[in-house]
Each structure stands twice: as C-alpha cells, then as structure tokens.
Number of protein chains: 2
Amino acid sequence: MVYVKREQANENREALLATASRLFRERGIDGVGVAEIAREAGLTHGALYKHFRSKDDLAAEAFTQGLALSRAAFRGEGSRRKRSVAGYLDYLLSSLNRDEPGASCPMTASASEIGRHGRDLSARFAQGFQEKAGAFEAVMDDAIAKAERRRLGLAIVAAEIGAMAAARAVAKSDPSLSDEILKAVHAMLLQASKGQ
Amino acid sequence: MVYVKREQANENREALLATASRLFRERGIDGVGVAEIAREAGLTHGALYKHFRSKDDLAAEAFTQGLALSRAAFRGEGSRRKRSVAGYLDYLLSSLNRDEPGASCPMTASASEIGRHGRDLSARFAQGFQEKAGAFEAVMDDAIAKAERRRLGLAIVAAEIGAMAAARAVAKSDPSLSDEILKAVHAMLLQASKGQ
DNA sequence: TGTACATCAGTGAACGCGCGTTCACTGATGTAC
DNA sequence: TGTACATCAGTGAACGCGCGTTCACTGATGTAC
C-alpha cells in the first residue's frame, strides 16, 4: 500500500474525508483523533498529512464534503419524496435522522461547536446555512413576499437545527420527550411557513 | 491555602463549579482540561478530585449550576424586564447573549454536545428544557389550548437554542447574517406564540 | 518506445505536550469525651 | 472548658496514555527527453 497510483491516492483522500466527516458528526471535532480517522480509512496518520495540512484543515474539508452529501439527500435526488416545506420537514425532523448523526447534516450535528473553531469553518457553515434556507424559500408559497420568505427560510433552518440538537440531547434520558420536540417543531414550522 | 475551614472549602467548591461552568460553555466540555479549571479557580487539580468524582461528574454539576443561574437571569429576577413571550425572546435572542456564551444558558451553549455524553447530562438537559418551555407556557395567552401551549413552549425553546447556535456559528465570518438569523427567529416565534 | 530521474503517497518511529486520575503526605480543623 | 485524635481539603509529583505534528526513508509511479 505504500506505493500507489494517483487514482488510488485520490480514493484514499476521499476515504479520509468520508471517515472524518462521519466521526466528527458522531463524536465532535474535539472528540476524535487523527490517528483513529486514518486507521478507519485504512491508512496511517502520516499519510493523512500528505492530504491535509492539519486537523483543522481536514475538519473544514470534511464539513464541506458532508454538506454536499447531505444536500443531495435533503433535496431528495433520486427519491420520490415531495419537494415541499412539509416534505423537507418530514425528512429533516425524522427520528431516523436523529438516530444517525454520522449520516446527517453536519450543521445540525455540530452546530454549537462551529463557533469555537476558526473563521474558515464559520464561513462554510454560513454558506451551507444560506443554501438550506434557500431550498425552503424555493418551495414556499409565491404569495408570500420575497423578504418574508427569506426571513422564514432562515428561521426554519435555525429552528430545525435546534430541534435536532435538543432531540438528540434528551434522547438518552427521555425518548418520548425527544419525539415530542421533533413533532412540536415540525408543526410550528409548517404553520409558520404559510405566512401570517 | 492547604488547611482551610469548612466555609472556605465550600467557597472553593463553588469557585470550581463557577469556573468550570463558564469555561465549558465557552469552549465545550472536551475543550477544557481539569488542570486549567482548578488553576483559574485558584487551586490545584488534586483539590478538584476532593470535590468531584470525575470530570464528567464536574460537568454534570456545572451544567445544573449554570442552569440555575441562567434561569434566574432569564426570568428577570430583580430586573424590570417584561415577563412575556416578547420579553423573554428579547432577552434570549439578543446579540449580547450571543456574544457572551460563558454567561448564557448552558443548554444553548452546549446543545449539540450533550447527546454525546452520558445519561446524567442528558437528564439534566431534559429537565432544564422542560422548565424553560414551562416558563414560556406560563406567559402565553390563556385562550390557547393547554396542549397547544405545551407544544408551542417546546418548539419555541428548541428554535431559540438553534437560533443561538447558528448565530454563534456564523458570527466570525458573517456578522450581519448572524443578526439576521436572530431577528428572523424572533419574529417567527413571536408570531407562532399567538396560536393559529 | 526506451531510459533516466524527479515526484510523491505512504510508513512508522519520534517529538513534546497535555490529558484525566491517583496517591502519599501535611497539619489545621472539627469532634468526642 | 480542655484534651486527644480522626477527619479532611489541599498539594504536587507521578501514572499511563493519546494527542497533533514532523521527519527520514522507501521505491513505484509518472514525466521529460
């Protein structure tokens, strides 16, 4: 494995990104070491530094990669899920999503950590946030004023992030409260998305 | 400082709790070491283990202590802030609150981390969450059905947590987006709290 | 197409460092009589 | 109230461990002629 073709090297890089992305979402950036990431990707930690300048760099790239994957899933590419506010909320606020943080949106999984890291991660979060809000705007009723749709898009995404974080936080001790939170936010956001 | 009266020992314990609570909110539980906490509280790390069984134990106690303090501030004890949904939201979703995570609600500061720690922290979070939701229920219009008030209370608190996490996440790279998020969620929640 | 050689992904030992936790020790504090 | 002694908060050295990062080395891969 020491001497690899370019193609193989690219695959290794992708494996590092995918592994890092998953583990960071599951256990937090501070909760996972580079050695473990490299090992799970089938490499040694030394190789990791041939692909990324630092753990912070890896975290930033992994965040963006996770965003891209979860965006594709969210928009329902290849699925028959309805592209509507209700359809999006059904997906985002499901218990399935709650129970698999490693496969879910990195913004949702790491919300309260991002502010403690560098400007780079912050900018990537901001980008992802606006895109997700834009997806909601795009499926809202045209009768709602543009500025109001923008406001609602931002608020819905923020609320969805909070709902998932809270639902995950209480899941271990109070599963029924966890479900209740998801349903309560779902109902409130669906109502709010119709405008006043 | 080695030989202290009971009273002094209690003060030291409180200092450890207050320091831990602040630092955990500012940098995350995984982001702060016990040595630093003890040092900032004016003790050595050895002393910390006379007051708490482990770092996890300290984290749980610090979380509850932070909850109690922030609850008092939130409910506006000793202030002339209005006890209403609008008054609560003004306070919780302010840029002041955003910029001082070390003094704000521990649920908001650590939302996405709690799910990765033990059942104990989860239960404390759940308790704090329900209390905060209850405070909102208590100031909502009586005309709204009880079950609906409960639903709204939970949804509002979840959304508020998400709004603050998102606002903090983007603050470093896009301060105006950060403000926009806080305002958007404020408007949406105020509207929602009036019932349909 | 063949040859000569720079590039480069990957290895694994090593770096210094800080982590959470334990422990022997100290002697003032607090208690029991 | 005085005395004898167990308790107990705090110290600081030490534990093993994992952290992020660096580096000398390897030799197949890819390129330049």
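All chains are named by letter (A, B, ...) in the order of the sequence lines, taking the proteins before the strands, and each is independently numbered beginning at 1.
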Run the salt-bridge test on [X] and [Y] with the 4.0 Å N-O cut-off and return the result as yes or no.
X: A:R151; Y: A:E148; result: yes
X: B:E100; Y: B:R22; result: no
X: B:E113; Y: B:R25; result: no

**Prompt:** Would you call the rings of B:F136 and B:Y88 parallel, tilted or perpendicular if under 30° counts as parallel and over 60° as perpendicular?
**Reply:**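 The arrangement is perpendicular - the two ring planes meet at more than 60°.
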**A:S110-B:S112 side chain donor-acceptor pair, cut-off 3.5 Å** =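 Result is no, nothing qualifies.
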Just the table, please: protein N/O against nucleotides 29-33 of chain C N/O, every pair under 3.5 Å.
unit_1: C:dG30; atom_1: OP1; unit_2: B:R6; atom_2: N; d: 2.9

**Prompt:** Can you check the A:L48 CG to C:dG12 P distance for me, whole Å?
**Reply:**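 Atom-to-atom, A:L48 to C:dG12, this comes out as 15 Å.
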**Atom-pair distance (CZ on A:R13; P on C:dA9), nearest Å** =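 Computing the A:R13:CZ to C:dA9:P distance gives 10 Å.
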**Item:** Criterion side-chain hydrogen bond (donor to acceptor under 3.5 Å, both in side chains) against A:S178, the qualifying member of A:K183, A:R168, A:R98
**Value:**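 The residue from A:K183, A:R168, A:R98 that satisfies side-chain hydrogen bond (donor to acceptor under 3.5 Å, both in side chains) with A:S178 turns out to be A:R98.
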Using the rule that two of Ile, Leu, Val, Met, Phe, Trp, Tyr join whenever any of their side-chain heavy atoms come within less than 4.5 Å, decide whether [X] and [Y] are in one cluster.
X: B:F24; Y: B:Y49; result: yes
X: A:L69; Y: A:L16; result: no
X: B:L190; Y: B:M164; result: yes

**Asked** For nucleotides 13-23 of chain C, read 5' to 3', which letter fits each nucleotide if B means a protein heavy atom sits under 4.0 Å from the base, S means only the sugar-phosphate is that close, and - means neither?
**Response** BB----SSBB-
**Prompt:** Judged by atom type as modelled, is there a donor-acceptor pair below 3.5 Å linking the side chain of B:S104 to the main-chain atoms of B:P101?
**Reply:**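 Checking the backbone N and O of B:P101 against the side chain of B:S104, a donor-acceptor pair under 3.5 Å is found.
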**Prompt:** Hey, where does DNA chain C pair up into stems, meaning at least three consecutive Watson-Crick or G-U pairs with distances under 3.5 Å?
**Reply:**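 Listed by first number, the stems are C:2-33 with D:2-33.
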**Message:** Checking contacts here: which listed nucleotide (C:dA9, C:dG12, D:dA9) is nearest the side-chain heavy atoms of A:H51?
**Reply:**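 Among the listed nucleotides, the one closest to the side chain of A:H51 is C:dA9.
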